[in-house]
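Inspection log for the structure reproduced underneath, given as structure tokens.
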Protein chains: 2
Amino acid sequence: MTEPSVEELRMLLAVQARGSLTAAAEELGVTQQAVSQRMRALERRLGLALFARAARGTTLTAHGRLVADWAQGVVDQLDALSAAAASLRADRQAQLRVAASMTIAEHLMPVWMVSTGAHAIDARVQLTAVNSAGAIDAVRIGQVELGFIETPDVPRRLASRTIAVDEVVIVVAPGHPWAKRRRLPLATLARTPLVMREAGSGTRATVEAALARADLSLAPPAADVSTTAAIRALVLSGGGAAAISALAARDDLATGRLRRVHVDAPPFERPLTAIWDGERVLAEPARDFLAVAQRMGLGSGTGTAP
Amino acid sequence: MTEPSVEELRMLLAVQARGSLTAAAEELGVTQQAVSQRMRALERRLGLALFARAARGTTLTAHGRLVADWAQGVVDQLDALSAAAASLRADRQAQLRVAASMTIAEHLMPVWMVSTGAHAIDARVQLTAVNSAGAIDAVRIGQVELGFIETPDVPRRLASRTIAVDEVVIVVAPGHPWAKRRRLPLATLARTPLVMREAGSGTRATVEAALARADLSLAPPAADVSTTAAIRALVLSGGGAAAISALAARDDLATGRLRRVHVDAPPFERPLTAIWDGERVLAEPARDFLAVAQRMGLGSGTGTAP
DNA sequence: GGCGATCCACAAGCAAAGGTTGTGGGAGGT
DNA sequence: ACCTCCCACAACCTTTGCTTGTGGATCGCC
């Protein structure tokens with residue numbers, strides 16, 4: 001059975017919003033017949049009666065409303081991808097250039113971009129994904145107006161504001177022995193090789209700093225990997241425990257693919273900080289964007305607002 | 001500019017996982033040329049260089065990895081939709097029939113379905129979405145083996161187990177005056193008409209019960225609406241404040257479309273409870289499914305584990 | 001340095017999915 | 001009973017995406 005396409009999901013949502021196939025067709029800029037055809041095909045594919053068709057219009061059945069709500073999640077994700085990808089594209093003269101560390105670019109920028117789009121901040125944002133050091137440099141040389149870093153050391157000469165506090169969490173596959181433990185001693189963690197991102201990424205530094213505060217040092221990592229997908233694959237295939245950003249783990253924890261291990265120690269926290277050139281006045285688009293970032297922080301999920 | 005299709009995103013993920021266009025093509029059951037063509041089209045559409053093509057294979061650029069991680073979110077959502085929709089389809093003799101209240105069916109079943117799929121519980125689940133009373137009846141008459149309800153009254157004769165605690169939250173649009181307030185007095189809430197789901201849905205009962213404990217009663221609702229989309233539309237268009245499940249609000253809070261208002265009172269909580277016929281022994285698939293539900297609870301996001 | 005293997009890209013042909021125009025039928029409101 | 005609005009059926013057509021066939025580049029190995 002083939003899966004529903006995003007166009008079909010968008011059509012479904014349009015029908016729900018407008019209350020008839022004809023109105024939905026108008027909204028989407030196609031003919032009524034096209035909508036009728038496609039929605040019928042969607043029902044056939046899913047094997048569900050989604051629509052209650054009547055002379056006054058078409059409403060959704062209970063099943064239809066369920067599917068529509070799930071569809072909303074899909075299109076929201078896709079819209080976030082589109083918005084974020086657009087901000088990565090450099091072929092357009094942007095009114096605001098931003099350099100963000102990987103974690104922030106990956107997990108927060110999509111949300112921020114959708115938000116700026118929705119609230120019509122009059123700025124086209126151009127995003128560059130770098131590491132924290134790169135973001136600092138980019139701000140220093142004036143290549144970007146705004147930077148976002150995930151290391152605690154706030155460089156001199158640059159103005160900064162902490163946006164949120166990220167947490168590095170320990171995750172394992174559901175079958176892993178640690179998955180059942182309520183609290184893992186810090187010493188046990190210290191002597192266990194972990195899967196984590198490459199050295200530069202700040203994740204390791206955060207864990208090492210936390211261990212150092214308890215006079216412990218970190219075992220050599222089990223693996224240095226450079227992509228979230230690789231970490232996921234490793235951990236899921238029984239590759240042991242991984243230390244990753246709570247932001248990166250969030251979806252996998254929500255869907256049960258990964259389990260969080262609570263370590264018997266203070267949280268491994270690190271600030272997410274916005275930086276800019278303190279000797280210049282921040283332009284309008286930058287100020288607006290900073291406000292959005294500050295307001296939304298990590299979103300509702302994990303972590304702690306400042 | 002047209003948006004990327006899910007097929008393209010799946011292809012991108014396959015290339016990332018396998019390390020070459022050729023290998024990805026094999027995995028997807030198409031020719032290498034098809035992948036090459038489509039990925040080139042994807043790059044053109046997004047205006048980004050996603051791939052580093054070499055004689056040894058193709059890896060993703062930094063941009064490519066970012067887009068791939070975002071793409072993972074999209075396909076995960078779509079897979080959840082597919083799995084949940086499959087469980088709604090009744091045309092297949094299911095080994096486990098479940099009746100769930102709307103909130104649970106809408107927000108938790110997709111996650112649970114994906115999880116049972118992944119962990120290969122050998123049960124095809126057939127889901128019926130009803131209200132809490134309907135779920136109780138369905139279990140009583142033996143129409144389903146397992147029910148999930150969101151009301152505190154645990155009926156006699158039925159065995160039950162609390163899966164998680166859901167919370168009803170008050171949300172407003174970002175521009176609403178309440179959005180800025182740190183704590184809203186309960187009395188203010190009580191005399192403000194709220195947007196909420198229709199009477200049967202349990203949401204109103206939960207709020208009313210909480211107010212009753214403070215000797216307050218609820219103002220007549222501003223509107224009774226039956227779909228999440230309608231609530232969202234109302235609130236966003238300045239329609240005031242809404243009372244909805246934290247599960248339903250979660251994504252909108254995360255993306256900043258809605259803002260939560262913290263009420264100066266204990267949380268409006270209600271248990272999410274699994275029920276089954278206490279006089280029968282629970283069959284294997286039902287026990288397994290119950291274990292999944294119990295283990296995952298609300299996922300990582302909102303609410304409190306039992 | 002030549003040779004084979006591997007991987008990716010270009011080009012032409014083809015099948016299918018999706019959209020359009022044209023038309024018919026049913027249910028409400030007047 | 002009529003008009004209006006909305007949805008479905010049918011034939012045609014355009015576009016999209018896949019296939020087969022082929023060429024060119026890079027790496028590893030003798």
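Naming: A, B, ... by sequence-line order, numbering from 1 per chain. Keep in mind that what you see is a predicted model, and the values were worked out from it rather than measured.
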Side-chain atoms of A/T22 come closest, of D/dA8, D/dC6, C/dG19, to D/dC6
Taking NZ, NE, NH1 and NH2 as the nitrogens, is one of them in A/R38 or A/E43 under 4.0 Å from a carboxylate oxygen of the other? no
Quick note, B/T58 side chain, CB onward, closest among C/dT20, C/dA9, C/dC8 is C/dC8
Under 3.5 Å, is there an N or O donor on one side and an acceptor on the other linking the side chain of A/Q32 and the base of D/dA8? yes
What does A/T31 touch in the nucleic acid at a heavy-atom separation under 4.0 angstrom: a base, only the sugar-phosphate, or nothing? base
Of A/V35 and B/R53, the one whose closest nucleotide on DNA chain C sits nearer the 5' end is B/R53
note: A/R45, atom CZ; C/dG18, atom P; distance rounded to Å ~ 6 Å
Which atoms form the tightest heavy-atom contact between A/A243 and A/L194, and what is the distance? CB-CD1, 4.2 Å
So that I can tick it off, tell me whether B/D251 and B/R257 are bridged by a salt bridge, with the cut-off set at under 4.0 angstrom between side-chain N and carboxylate O. no
Sorted by position of nearest nucleotide on DNA chain C, 5' first, the leading residue of A/E8 and A/R56 is A/E8
Distance in angstrom units between A/R44 CZ and C/dG18 P, rounded: 11 Å
Interatomic distance, A/M11 CE vs C/dA17 C1' [rounded to whole Å]: 13 Å
A/S36 vs D/dA8: side-chain N/O to OP1/OP2 distance below 4.0 Å: yes
Between C/dG18 atom C1' and A/E7 atom CD, what is the distance in whole Å? 10 Å
Between C/dA9 atom P and B/M39 atom CE, what is the distance in whole Å? 11 Å
Whether A/E27 and A/R10 form a salt bridge (side-chain N of Lys/Arg under 4.0 Å from carboxylate O of Asp/Glu) is what I want to check. no
Per atom distances to the B/A55 side chain, the nearest of C/dC8, D/dG17, D/dT26 is D/dT26
When rounded to whole Å, the CD to P distance for the pair A/Q37 and D/dC6 reads 19 Å
Check A/R40 with A/E8, please: is the shortest side-chain N to carboxylate O separation under 4.0 Å? no
What integer distance in Å separates A/L28:CG from C/dT20:P? 11 Å
Any N/O donor-acceptor pair, B/Q33 side-chain to D/dG21 base, under 3.5 Å: yes
Protein-nucleotide distance (A/R38, atom CZ; D/dC9, atom C1'), rounded to Å: 18 Å
